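Lettering follows sequence order; numbering is per chain, from 1. What you see is a predicted model, and the numbers here were worked out from it, not measured in a lab.
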2 protein chains.
Amino acid sequence: MVKTDFSPIADTTRRAEIVALLRRAILTGQLQPGQKLNELRISEQMRVSRAPLREAMRELVQEGILTSIPYAGTFVIDVTAKDIDDAYSLNQVLDEFAIERTWPQRDQRFFDELDRRHEAVKQATRNLDTTRQIETALQLHGLIYEWADNSVLLETWQRLTSRLQMYFALHQHARNEPVPAEDVHETYVHLMKGADMRAAQRHAREHINLDFEQLLSYARSLEQRLSKGA
Amino acid sequence: MVKTDFSPIADTTRRAEIVALLRRAILTGQLQPGQKLNELRISEQMRVSRAPLREAMRELVQEGILTSIPYAGTFVIDVTAKDIDDAYSLNQVLDEFAIERTWPQRDQRFFDELDRRHEAVKQATRNLDTTRQIETALQLHGLIYEWADNSVLLETWQRLTSRLQMYFALHQHARNEPVPAEDVHETYVHLMKGADMRAAQRHAREHINLDFEQLLSYARSLEQRLSKGA
DNA sequence: GACAATCAGATTGTCGACAATCTAACAAGA
DNA sequence: TCTTGTTAGATTGTCGACAATCTGATTGTC
C-alpha cells in the first residue's frame with residue numbers, strides 16, 4: 001500500500017483568492033480601520049463580479065476583521081484600546097494552555113520548526129521589512145498552537161491572530177520606523193527547548209506583555225486625539 | 001435632552017434570516033452532521049434565490065458549523081470524539097478565565113439574570129423540551145461570558161457554544177429520552193452567588209465534566225460502530 | 001471481466017441586470 | 001432659522017441565467 005501525505009490542493013475559486021487578497025490588504029494596513037469597502041469599485045479593480053466578492057466579504061465579517069451594516073456597507077473593524085486589551089488578556093490565557101498541551105509533544109521536528117521560524121523573523125528584521133516581521137513573529141508564536149493538537153484552540157488562536165496582526169501593523173505604520181533590531185525572541189525559543197515549562201509560560205506572558213503595552217499606549221493616545229477632535 | 005437607549009433594529013435582509021434559519025436547523029439536529037446542503041433545493045424551499053443563501057452559508061462556514069469543498073458542496077460539520085474533547089478542554093480554560101473576570105463585577109442585576117436563566121432551564125426541563133433545555137442551559141452558562149466584559153472572549157465562547165449545542169443535540173436525539181429531571185445547575189448558581197471564587201471555578205470544571213463525559217463516550221461508541229461498518 | 005475513455009446529468013461558481021434602501025442636497029413651510 | 005418633505009444619485013441586496021466542474025453511468029477495448 002502506498003502511503004504518501006499529500007496536502008490539499010489549492011482552492012481554485014475566485015472567492016478564495018479574493019478572501020486572501022482582502023485579508024492581506026487589511027492585515028497589512030492597506031485598508032485602514034473604519035474604512036468602507038465599496039463593492040462595485042473593488043469588483044471592477046479585481047475584474048470580478050460582485051457575487052464572489054460579496055461572499056468573500058461575508059467570510060471576513062465572520063472572521064472578525066470586517067463588519068457589515070445592512071444597506072449601509074461593509075467596513076474594516078475599528079480598533080479600540082479595549083479591543084487590544086481584551087485580545088491581550090485572552091491571549092495570555094490561551095498561551096499558557098497551548099504551552100501546557102504542546103510541552104509533552106515536543107520532539108526534534110518541533111525544535112527544527114522552532115528554529116526555522118525564528119530564523120525567518122531574524123531575516124525579516126535584518127531586511128527592515130516590518131510587515132513581514134510582524135507576520136513571521138506571529139508565525140513563530142503560533143507554533144505552540146499548531147503543536148498543541150487541539151483544532152478548536154488553533155482556530156481560536158488564528159482568529160485572534162488576525163486582529164493582533166492588524167493592531168501591530170497599525171502600530172508600525174504609525175511609528176513608521178524599523179522595529180527593535182535586537183532579537184526579543186531569543187529567550188522564548190531557548191525556554192521552549194528547555195525543561196522548565198512554568199518558566200516558559202511565565203516568559204511568554206511577560207514577553208508578550210511588552211509588545212502589548214506599547215500597542216495599548218499607542219491606541220490610547222490615538223483615541224484621546226480623536227475624542228478631542230470630535 | 002432626551003436620553004433613551006434604543007437597541008439596534010433587527011436585520012431586515014433575507015441573508016440574516018436565512019442564517020438564523022439554517023443555524024437553528026443545524027443546532028437542533030434537523031440537519032445532521034455530514035449532511036450535504038443542496039443550494040437549489042433549499043433556495044426553492046425558502047423561496048429565495050441562491051445569492052443570499054450562499055452568502056449565508058459562507059457565514060456559517062466561518063462560524064465553524066458548516067464546511068465547504070469547492071465544486072463539491074457545503075456540508076454540516078462532522079462531529080468526532082476528538083472535536084468534543086478539544087472543545088471541552090478549551091472550555092474549561094475559558095470558564096476559569098470568565099469566572100475570574102466576572103467575579104468582581106457581580107451585582108444585583110447579575111444575580112437576577114442568573115435566577116432568570118436558571119428558571120428558564122427548569123421550565124424547559126419540566127416541559128420535557130430537550131432542545132430548549134440545551135439552549136437554556138447554555139444560555140445560563142453563557143452569562144459569565146457576557147459579564148466578563150471582554151468582547152473577544154464572548155465571541156470565542158459563542159463560537160464554541162454553537163458546536164457544543166450541536167454535540168448535545170446529537171446526543172439527546174440519539175438517546176431520544178428526556179434528560180435528568182433533577183437540577184444539576186442548582187449548585188452552580190448557588191456558588192456563583194457566593195464568596196468563594198475558587199470553589200465556583202472548581203465546580204464549573206467538574207460539573208461540565210459530567211456532561212462531557214457522557215457526550216464523549218457516546219461519540220466514541222458512534223465512531224466504533226462506524227468503523228466496523230466501513 | 002477489468003479497465004480506461006466518454007458523455008449526460010446534476011450541482012456549484014460566476015455574471016450582469018434589476019429592485020430595495022440609504023444618503024445628502026434641496027425645497028417648502030412654520 | 002429650524003424643521004420637515006421630496007427627490008436624485010449612489011450603493012447594497014436579490015434575482016435568474018450561464019459557465020465551470022464534478023459524479024456516476026455507459027460504452028468500448030483488451
Colleague: What integer distance in Å separates M57(B):CE from dG13(C):P?
Modeller: 8 Å
Colleague: State whether the side chain of W157(B) and the backbone N or O of L94(B) hold a donor-acceptor pair below 3.5 Å, judged by distance alone.
Modeller: no
Colleague: Quick one, Y145(B) and N150(B) - any side-chain contact, counting heavy atoms below 4.5 Å?
Modeller: no
Colleague: Looking at R50(A), does any N or O in its side chain come under 4.0 Å of the phosphate oxygens OP1/OP2 on dT14(D)?
Modeller: no
Colleague: For the pair made of CZ in R14(B) and C1' in dA20(C), what is the distance, rounded to whole Å?
Modeller: 10 Å
Colleague: In whole Å, I'd like the distance from the CZ atom of R41(B) to the C1' atom of dT11(C).
Modeller: 12 Å
Colleague: If you round to the nearest 0.5 Å, how far is CZ of R163(B) from CD of Q158(B)?
Modeller: 14.5 Å
Colleague: Closest to the N38(B) side chain: dT12(C), dT14(C), dA17(C)?
Modeller: dT12(C)
Colleague: If you assign A51(B) and L37(A) each to the DNA chain D nucleotide with the nearest heavy atom, which residue ends up on the more 5' nucleotide?
Modeller: L37(A)
Colleague: Which one of L60(B), L53(B), I42(B) satisfies the side-chain contact (heavy atoms from CB on, under 4.5 Å) criterion with L37(B)?
Modeller: I42(B)
Colleague: Taking only N and O in the side chain of S49(B), is any of them less than 4.0 Å away from OP1 or OP2 of dC15(D)?
Modeller: yes
Colleague: Please list each protein N or O that sits under 3.5 Å from an N or O in nucleotides 23-25 of chain D, with the distance.
Modeller:
none

Colleague: Starting at CD1 of I18(A) and ending at P of dC15(C), how long is that distance when rounded to a whole Å?
Modeller: 8 Å
Colleague: Under 4.0 Å from OP1 or OP2 of dG13(D): is there any side-chain N or O of R58(A) that close?
Modeller: yes
Colleague: So does R116(B) pair up with E113(B), basic N to acidic O under 4.0 Å?
Modeller: yes
Colleague: Please state how far atom CZ in R47(A) lies from atom C1' in dT14(C), giving the value in whole angstrom units.
Modeller: 17 Å
Colleague: To the nearest 0.5 angstrom, please state how far the CD1 atom of I134(B) sits from the CE atom of M166(B).
Modeller: 12.0 Å
Colleague: Heavy-atom distance under 4.5 Å between the side chains of R109(A) and W147(A), does that happen here?
Modeller: yes
Colleague: Would you mind reading off the distance between E39(A) atom CD and dT11(D) atom P, rounded to a whole angstrom?
Modeller: 11 Å
Colleague: Return the polar atom pairs (N/O with N/O) between nucleotides 5-8 of chain D and the protein under 3.5 Å, or none.
Modeller:
none

Colleague: At what distance, to the nearest 0.5 angstrom, does CZ of R54(B) lie from CZ of R15(B)?
Modeller: 14.0 Å
Colleague: Any salt bridge linking E135(B) with R24(B)? Criterion: basic side-chain nitrogen under 4.0 Å from a carboxylate oxygen.
Modeller: yes
Colleague: Roughly, in whole Å, what's the span from CD1 in I69(B) to P in dC22(D)?
Modeller: 12 Å
Colleague: Check whether any side-chain N or O of R117(B) sits under 3.5 Å from a backbone N or O of Q139(B) as a donor-acceptor pair, and report yes or no.
Modeller: yes
Colleague: Quick check: does any side chain N or O of R159(A) sit under 3.5 Å from a backbone N or O of Q62(A), one acting as donor and the other as acceptor?
Modeller: yes
Colleague: To the nearest angstrom, how far is Y71(A) atom OH from dT14(D) atom P?
Modeller: 5 Å
Colleague: For L53(B), answer base if it contacts any base atom (sugar-phosphate contacts may also be present), sugar-phosphate if it contacts only those atoms, and nothing otherwise; contact means non-hydrogen atoms under 4.0 Å.
Modeller: nothing
Colleague: Between L114(B) and R106(B), is any pair of side-chain heavy atoms under 4.5 Å apart?
Modeller: no
Colleague: Look at R54(A) and dT12(D) and indicate whether a side-chain polar atom (N or O) is within less than 4.0 Å of OP1 or OP2.
Modeller: no
Colleague: Taking the axis from the first five pairs and the axis from the last five, what angle separates them in the helix from dG1(C)-dC30(D) to dA30(C)-dT1(D), rounded to 10 degrees?
Modeller: 10°
Colleague: If you only use heavy atoms from C-beta on, which nucleotide in dG13(D), dC15(C), dG13(C) is closest to the side chain of T13(B)?
Modeller: dG13(D)
